[in-house]
Every structure is written in structure tokens, then in C-alpha cells.
Amino acid sequence: MLSSLLWPAGLLLEFALLARSVQTKTFTKYIYFYAYISCVFIVSVGLFIGHSRTEFYEAWYWPTQFATLAIGFGVVLEVVRQALAAYPGAERFAWRASCAVFVVTFCYVEWHVASRSEWSTVAATVELERDLRVIEALVLATVLAIVFYYHIEIGKNVTGMIVGFGAYVGVSLTTLALRSFLGPGFNAVWGDLQTASYFFALIVWTVALWSYSPNPAPPSTERGNGGYDALVRGTRAQLESVRSNLRGVAGS
Amino acid sequence: MIGLLLYLLVGAGLLVFLWLLARRKGAPVEGCGRQFVEARQALRTLQLGLLPENLIERIFDREDFRYVMAASPANIREFFLRERKRISLMWVRRVRCEIRNLMQFHLGYSRLHAKLSLLAEIRLALDFGLLLLACRALRILLYMRGPYGAGAVVGVLTAAAGRVCAASEKSLAFLNPPALESFRRDSAGDGATI
């Protein structure tokens, strides 16, 4: 019930988001993010038009779901690219840590799948989505840890991207894990929660990306006279300290 | 069941991070020249004012304690312990403050450094974390057991602080004017210190 209400509303929001990105010329600035929104919009429109025909919907739901899931990694890439672009050190740290997280999680999931004795297509499909969400969640958490650790200031656009996508990934992961544990009885709640979390993400994105708000530029020691002046003042203070010490030695 | 808990933990952890991000106010602007000078001062204060071995021995030396306990009336002993506790707590507070200054500087500087080393950063983060934790533990121990009840933690703290100071010294080497360095070397022989 909830899903059938939020679906058309979500389509409208996606359209508004894309139209606004063209109007404010932010489409090219956040290319991976808007590529993801465009894909989801096209898939959602297609499924919405054909959802009355059960065969069509069932045949296309999972393939399109995986396509959007894979393109969803583009949002994570966009977050890393935008949030840390001005901080080469932190960016390098984030890429390496994210690669390590990806490799470790992927190996763990592969090992887990290989060691299973039973196999069912539906269960495997749900688990695959859950495991991909785990990787997205861990990479996002790593990037956020780096943002907090290095006190990196990020703008409204990128904060919105992270909060929206992170909330959707977090809720999806939690509900998919519960679905694997509780079984098909949880399906109705799972569907509603997933749709509601994506709708929440769309609201956050629409508000945060309504106008272009780039990340604040990092301070630089080379930029302006402030840095150099402070350095000169510090050196003078050191020299004064040396002078007073010498005066003390000479006077004794 | 353990798998479910792990997945729920990752999901909940991410949502907590997002909540923190949404609540975060503007991060402080760092990386300017003033910060380099402040970091240099913090390093000097640590190396010359707070971490020299003789100062630490002076504050935490048990000989003073034994002497006062053996040769003084009760009120003097109480006064001595109270004062020593106050001084040791003040020392920990100052060390913690200077370590935080150094950490702020390091983070502000290294995030802009393209040749940042992942291993070195993790090692330094652990050192900073250990130091701040040791400071906190030391404060609790000093409150609970008095100035002579935390010898081992003082040792850990000073060793880790020494490592951090050495790493920071390399980062801040460019702030040492070459002429002053040569002057410092020349003048050290006859006992005059700068």
C-alpha cells in the first residue's frame, strides 16, 4: 500500500531532481550521481508502466534491480571524488582504505557463499544484494571516518548525497539481513521499508541539490599573506626569545 | 545469528555516522601558517617543558614521598600529598592539551600532503589515540590512587609522547631557521642553551 503511494511520488521527485540539475548546470559537476538517478528514473518509469502485467514485471524487476545496484557504486565514487578532491592526502588514504575494505568484504562473501551446502535462487539473489550493500555501507563508513578524522568540511550538495544514499543503504542492508533471517513472511514490511527509505533519500537529495553549493576550499599555506605573516610573526617571536636568553647569559 | 548481528551492526553503524554528519557544524579552518607556529610551540613545550626526564622524576619521585612520610607531622604529609597530586594532575592536563594541539596540526597538514603514507598515518593515529587514552587513564588513577599510584602509566605516556614528538619534529623541520640551528649546535658546547 505504502509502496504504491510512494512510487509515483518518487518518480516526480526524480524528474524534479534531474530537471533542476539541467537548469542549474550541476548535471556535469556530479556526473556519476546524476547518471545513477537517470538510470533509476528510466528503470522506474519502465516498471511503473508495465507493472500491471505481472509477467513483464517479474521478468524485469531483478535484472534492473541489479543494474541500478551496480550503478549505485557510482554514488560512492562521486562522494569520494567530491568530498576529498581538495585534500590529496586524505583522498589517497580513502582510496586505499576503500580498496582494502572492498577486497576483504568480497573475499569474506565469496568464502561464505562457497561454504554453503544448500542453494536457492531467490535466497541467493537477496543475499547477493545484501552483500553488495555491505560493501557500499563499509566504503561509505570508511569515507565518513576519514572526513571526521581529518576535520574535512564538505558542502551542502555532497552532505546531502551522503546522507540520502547512506540512509537508503543502511536501511536496505538492515531489512535485507532481517529478511534472510525471518524469511518470506517479512517481505511486505521489507518492500515498504525499502521504498520509504529510497523516498526519504530522494527528499534529502532534492533539498540538498536544489542549488549548486560546492565544498568549501581548504586553507592553504601558500594562499594569501595570512599564512606567511603568521610564519614571520612566529619566527620573530623565536628570535626575541633567543635575544632575551642571550641577554640573560651576558648579564650573569 | 552471528551473521545477522554483524549485518545489523554495519547498518546501524552507518546510520549513526550519518546522524553525526547531519549534526556536524562547520569544521574548523586549519592548515594556515599560524597553526604551524602553534604546533611548533606545542612541540617545544612538550619536549623542553613537560617531557624532560628530570621533570617527570621530580614530580613522581618516591624519595620525596618517603622523606616527607618519615620526617614530617601528619598535616604536612597531607599538604604534601595534596600539592603533589595537584601538580601531577596539572602536568597531565598540559601534556594532553599539547598533544591535542600537535594532533590538530598533523591532521590539518597531512590531509593536504599528496605523498601521505597509509601505514604511517595508522601508526600515528594509534599513537595519538594511545596517548590521549593514557592521559585519561592517568588522570583517573591520580584522582583515585594519588600521585604515586600510576608509575607504569606515566612510563607508557612519556614513551608514546616521545615517539609522537619525533614524528612531529620531522613534519615541522622546515620551521627551524637554518642559521639558528647552526648557532644552536655551536653554542651547545660551552653549556649555554638556547
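We name chains A, B, ... by the order of the sequence lines, and we start the count at 1 in each one.
- Using a 4.5 Å cut-off between heavy atoms, A/Leu84 does not touch chain B at all.
- Taking both residues in full, the closest heavy atoms of B/Phe17 and A/Phe148 are given as O-CZ, 3.7 Å, listed atom of the first, atom of the second, then distance.
- Of the inter-residue distances, the one linking B/Tyr7 atom OH with A/Leu173 atom CG reads 8.0 Å to the nearest 0.5 angstrom.
- Enclosure of atom CZ in A/Phe200 is not indicated, since only 12 or fewer non-hydrogen atoms of other residues, nucleotides or ligands lie within 6.0 angstrom.
- Only the side chain of A/Phe181 has a heavy atom closer than 4.5 Å to any heavy atom of chain B.
- Interatomic distance, A/Arg133 CZ to B/Leu14 CG, rounded to the nearest 0.5 Å: 11.5 Å.
- In this structure, chain A has heavy atoms under 4.5 Å from both the backbone and the side chain of B/Leu20.
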Would you please test A/Leu178 and B/Leu8 for side-chain contact (heavy atoms from CB on, under 4.5 Å) and show each step?
CA-CA 8 Å; A/Leu178 284 172; B/Leu8 292 180; 4.2 Å; yes
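- Top candidate by heavy-atom pairs under 4.5 Å with chain B, chosen from A/Ala86, A/Pro216, A/Ala141, A/Ala97, is A/Ala141.
- No part of A/Ile146 comes within reach of chain B, as not one of its non-hydrogen atoms sits under 4.5 angstrom from that chain.
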Walk me through whether A/Leu144 and B/Leu18 qualify under side-chain contact (heavy atoms from CB on, under 4.5 Å).
CA-CA 8 Å; A/Leu144 281 178; B/Leu18 294 175; 3.9 Å; yes
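- Proximity to chain A (any heavy atom under 4.5 Å) is shown, for B/Leu21, by both the backbone and the side chain.
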